[in-house]
Visitor: 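Handing you this structure, nothing more for now.
Within every chain, numbering begins at 1; the chains are lettered A, B, ... in the order of the sequence lines, protein sequences first and strands thereafter. In this text, all values refer to a predicted model and were calculated from it rather than measured experimentally.
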Amino acid sequence: MNTANISSPGLYAETLAKGAIPADHVHPDSLKGIPRRQTNPARWNGEGWDAFVGALRAKNVEVREKKQTCLVYATDCGGLAYGRPHGVTLAGSAEQISAILKEAQKRRVPVTVKGGGLTTEGESVAFGGLQLDMRGMNRVISVDGKNMTVRAQAGIHWHTLAEALRRDGLDYLSAPLNLTASVGGTLGVGGIDINSPRLGPSADQAVSLQVVTPTGEIRECSESENPELFERVLLGYGQFGVITEAVLRVRKFTPITMYYFYYGSLRDALQDLQLLVREDAADYCGILTILDKAINLLVAFDSDEREHAFFEKWRNRIRGHGEPGFALRMAWHYGLRPWRLGEALYLLGRKRALEPAFKPGQYMENGKIVDRAVVFGNQVWKFWGGRQMVIPDLAVNAEKFVEAIERGNAVCRKYFPRYTLYCVGIKLSGRRQRYELSCVPPDAVDFAYGCEFEPLLGDAIYSREYLQTFKNEIYDIGVDMKTSYYRFGGMMKGYIRRAFGDELVDKHLAMKRAADPAMILNPDVIF
Amino acid sequence: MTNTSATLSKYGSEKCTGCGVCMLTCPVWRQTRDIMLTACGRTRTLQNGGGPQDMRDSLAACVLCGSCGPVCPAGVDTVGLTTELRMDLAEKTGPAPDSAPGGQSSPGVKACGTVFFPGSAMRKDNSLLGHALRLLEQEAGFYEDAEISAMAEKMEAGIWPDPGSLKDFVRSMAGVTEIVAADGFLHRHLRQWLPEVRVTGFGETLLRRPDIKKALKATDLYMIEARGYHADHSRLVNFYDRLRLETGCRLNTSLQRTAIPTGATSRQNPGPVRVDAREQARWILDKRKTERVVAEAVEDMKIFKKIPGIEVIHVAELLSLA
């Protein structure tokens with residue numbers, strides 16, 4: 001059997017040549033008593049589908065059933081879960097979605113909602129039933145410069161929203177680095193950016209929502225109107241309604257100044273990130289690593305004042321090096337370990353590729369980066385994207401942060417020769433109902449922290465078993481340490497009860513049953 | 001006959017991850033919000049075993065502006081792929097009924113140095129053509145490009161040029177060092193056919209002249225011809241960014257630094273979905289404080305002229321010649 005030329009000290013690091021039948025690589029310690037729930041849920045049997053479609057067509061709702069159309073929706077960004085809807089509808093209005101959900105309740109047809117489809121555990125994949133493509137509702141409705149809000153259809157991509165807001169000199173508060181994520185999908189799961197340490201998750205910038213409930217009622221909700229629904233739908237993983245419109249807070253657009261501090265120690269970098277988050281030292285900060293060798297603490301500012309304050313008060317308190325200092329450290333490190341020359345060259349090559357990509361000339365003005373979200377969003381896809389994306393994560397409180405990430409890092413090292421960690425802080429706004437059974441860990445106070453563990457698969461082909469085993473081992477850390485997860489559901493839903501306990505899950509299951517009697521809305525995500 | 005796997009690998013579509021970044025700049029997506037009508041939908045269809053017959057409407061709707069190409073993180077050659085799929089479809093179904101007629105050739109003409117291909121739209125406007133030729137008289141010689149224009153129109157419809165004619169054309173360009181082509185669609189093909197020849201757009205060539213560049217005002221919206229721009233994006237993105245910084249003018253660029261097209265330069269094939277060029281123009285102008293639109297493409301200029309309350313000129317008209 002041919003194997004790709006990748007070596008690793010890990011136990012199961014070999015990769016497979018195309019076409020080879022993989023051995024079962026499940027690590028004996030990886031499951032720790034958790035029933036192995038892997039890959040796709042069973043496909044819905046299609047009972048009543050034709051009548052459902054007939055009823056919708058009678059109401060002028062288009063359902064596309066062509067095989068090729070359905071197959072375009074077969075997987076999500078993760079590329080590991082595969083399903084196939086019986087049909088696809090392009091969302092057009094709240095009324096249309098209301099009609100769909102009413103019929104779906106009546107006929108018990110599953111409806112799976114897809115926004116940008118940036119899930120990695122199959123959460124937005126339809127295993128039969130109707131796929132509702134929310135990107136059909138992709139428009140800005142109004143911009144209110146006086147109250148600094150925007151109302152948009154929820155299928156809108158963050159990028160499209162930014163494009164519209166920029167004409168008014170405005171920007172959204174915080175959005176995931178993937179700009180093809182949809183607003184509705186993001187509000188449903190959280191939404192983390194490098195400004196989340198200051199501004200919280202994207203979900204917390206929602207002022208009000210228009211929601212179609214699983215039984216088809218169209219409701220407006222906010223902290224003052226239908227607050228219970230508002231709190232359920234935000235971070236609700238699509239269980240309690242389809243968000244069709246959202247009013248979001250916006251801010252003035254600013255180019256930003258960005259600095260990178262380099263670390264040789266992951267622990268030092270994590271502790272310094274926490275210092276900056278805790279003391280509100282920067283407008284943006286996060287950690288991005290190449291393996292656990294080149295650790296990069298990114299710090300950025302919206303204003304010169306904040307930048308000056310950082311250099312006055314905090315720069316000397318963090319241990320990161322500038323580039324020359326880091327280069328010297330690396331030269332010393334690898335000079336003493338010549339047998340790791342390959343790794344050193346990889347780090348150097350990666351750095352040389354990444355650096356200009358993150359500072360492209362056409363996005364730089366007077367030393368500041370303009371549209372950094374676009375630059376980051378594109379480079380994330382270019383350097384970290386692929387047909388298969390495996391990004392297990394952990395969301396933890398401040399006290400558990402360093403230990404969780406160090407344990408996760410050890411798992412990455414064991415499984416993959418190349419990987420990246422992406423860590424950020426998340427500001428919490430009090431004890432909100434929406435945080436319950438969500439990516440926000442139950443024991444987090446003031447701030448939560450998240451880390452994504454992403455192997456760089458490159459052209460290597462790994463078996464699904466192998467990738468799943470890696471994910472399981474990361475998720476096991478969450479169970480062990482009683483943390484939460486950012487990617488939350490789908491193929492990893494077997495972990496939800498383990499992580500949160502029966503009482504909390506049963507409470508939410510009861511709420512779900514009350515809101516969605518036929519359990520048709522996004523049925524394979526959480527429950 | 002379509003060889004799907006060969007098409008997949010030739011243009012890199014097997015690398016498509018479905019990220020959807022290409023949709024962010026696509027005018028068809030902007031107006032329809034339908035993934036099936038985008039490059040992303042087409043590559044995903046191919047990956048799932050579909051062929052051009054499964055994407056007939058999608059292929060017809062594409063305006064080949066090329067804005068999806070430079071932003072694709074996987075490096076899929078989206079324009080090449082769409083063009084080839086159109087050809088596959090045309091082979092199966094025969095040319096579209098209103099496909100472009102052949103043009104007048106310029107037999108025996110051996111061009112040399114820098115030549116100017118005005119394109120069909122400019123050739124129809126004698127006054128503008130004369131003006132353009134006077135501006136370029138130091139830089140480029142006029143080339144009667146009716147045959148090339150006809151070839152381009154057919155290629156856009158999915159009909160590949162006759163190899164003999166193409167060979168004749170390439171031979172006739174033996175002494176040419178640079179082609180200034182107003183029709184951006186031709187740029188990528190000219191570069192493929194004539195790899196030694198520098199290919200530039202009409203606007204870029206004029207803007208090399210300081211007096212023309214100086215005539216641009218900060219209140220102008222400079223309308224880049226999208227197809228030529230995206231065909232050489234990594235170079236031109238810097239060229240036009242410098243133009244913006246030096247003159248203060250606005251550009252029809254998106255946050256992705258692609259050129260937002262009107263779609264007017266496209267010969268859209270018959271199909272149920274067509275990009276509304278006026279709607280695109282309105283979006284380009286939306287909330288931009290613009291006193292004048294300066295268009296590189298004649299087709300774009302005509303579309304903007306239909307929008308009341310704004311002065312519209314062609315880039316060749318920036319400098320009035322006595």
Visitor: Counting only heavy atoms closer than 4.5 Å, note whether B:Cys72 contacts chain A via side chain, backbone, both or neither.
Guide: neither
Visitor: Relative to chain B, which segment of A:Ala162 carries a heavy atom at a distance below 4.5 Å: side chain, backbone, both, or neither?
Guide: both
Visitor: Could you report the tightest heavy-atom contact between B:Lys287 and A:Asp168, atom names first, then the distance?
Guide: NZ-OD2, 2.8 Å
Visitor: By a 4.5 Å heavy-atom criterion (distance strictly below it), what part of B:Asp34 contacts chain A: side chain, backbone, both, or neither?
Guide: both
Visitor: List for me each residue that meets side chain to side chain contact (heavy atoms under 4.5 Å, CB included) alongside B:Arg198, sequence neighbours excluded, and say none if there are none.
Guide: B:Glu178, B:Thr200, B:Glu204, B:Arg208, B:Arg235
Visitor: Go through the atoms of A:Glu365 and report whether side chain, backbone, both or neither lie under 4.5 Å from a heavy atom of chain B.
Guide: side chain
Visitor: Given the rule in the side-chain contact (heavy atoms from CB on, under 4.5 Å) test, do A:Gln68 and B:Met55 qualify, once you have shown the distances and angles that lead to the verdict?
Guide: CA-CA 9 Å; A:Gln68 285 303 336; B:Met55 48 184 102; over 6 Å; no
Visitor: How far apart are the C-alpha atoms of A:Glu163 and B:Gln256, what are their side-chain angles, what is the distance that settles it, and do they pass the side-chain contact (heavy atoms from CB on, under 4.5 Å) test?
Guide: CA-CA 9 Å; A:Glu163 190 92 57; B:Gln256 295 279 351; 5.6 Å; no
Visitor: Which atoms of A:Arg64 come close to chain B, meaning under 4.5 Å heavy atom to heavy atom: side chain ones, backbone ones, both, or neither?
Guide: side chain
Visitor: Start with the C-alpha gap between B:Lys15 and A:Arg387, add the side-chain angles, then the distance that decides, and say whether side-chain contact (heavy atoms from CB on, under 4.5 Å) holds.
Guide: CA-CA 7 Å; B:Lys15 292 182 289 184; A:Arg387 292 278 302 270; over 6 Å; no
Visitor: With sequence neighbours left out, write down each residue that passes salt bridge (Lys or Arg N to Asp or Glu O under 4.0 Å) with B:Arg257, or none if nothing qualifies.
Guide: A:Asp371
Visitor: Does any backbone or side-chain atom of A:Val374 lie under 4.5 Å from a heavy atom of chain B? Answer side chain, backbone, both or neither.
Guide: side chain
Visitor: Can you check whether B:Arg44 reaches A:Thr75 side chain to side chain, under 4.5 Å on heavy atoms?
Guide: yes
Visitor: Would a distance-only check, ignoring hydrogens and angles, find a side-chain to backbone donor-acceptor pair under 3.5 Å from A:Thr180 to B:Gly20?
Guide: no
Visitor: Give me the atom names and distance for the closest heavy-atom approach of A:Tyr363 to B:Leu255.
Guide: OH-O, 2.7 Å
Visitor: Under 4.5 Å heavy-atom distance to chain B, tell me which part of A:Leu90 shows up: side chain, backbone, both or neither.
Guide: side chain
Visitor: Indicate the atoms forming the closest heavy-atom contact of B:Trp283 with A:Ala164, along with that distance.
Guide: CH2-CA, 4.1 Å
Visitor: Look at A:Lys66, A:His159, A:Gln379 and state which one has the largest set of heavy-atom pairs under 4.5 Å with chain B.
Guide: A:His159
Visitor: List the steps, then state whether side-chain contact (heavy atoms from CB on, under 4.5 Å) holds for B:Thr45 with A:Leu71.
Guide: CA-CA 7 Å; B:Thr45 299; A:Leu71 283 173; over 6 Å; no
Visitor: Please classify the contact between A:Asn178 and chain B as side chain, backbone, both or neither, with a heavy-atom cut-off of under 4.5 Å.
Guide: neither
Visitor: State which residues pass ring-ring contact (aromatic ring centres under 6.0 Å, His included) with A:Phe376; sequence neighbours excluded, sorted by chain then number.
Guide: A:Phe358
Visitor: Among A:Lys382, A:Met389, A:Gln362, which residue forms the greatest number of heavy-atom pairs with chain B at distances under 4.5 Å?
Guide: A:Gln362
Visitor: Heavy atoms under 4.5 Å from chain A: which residues of residues 236-250 of chain B carry them?
Guide: B:Val237, B:Asn238, B:Asp241, B:Arg244, B:Leu245
Visitor: Using every non-hydrogen atom in the two residues, find where B:Asp286 and A:Arg167 come nearest and quote the distance to one decimal.
Guide: O-NH1, 3.0 Å
Visitor: A:Asn378 and B:Val21: which non-hydrogen atoms are nearest, and at how many Å?
Guide: OD1-CG1, 3.9 Å
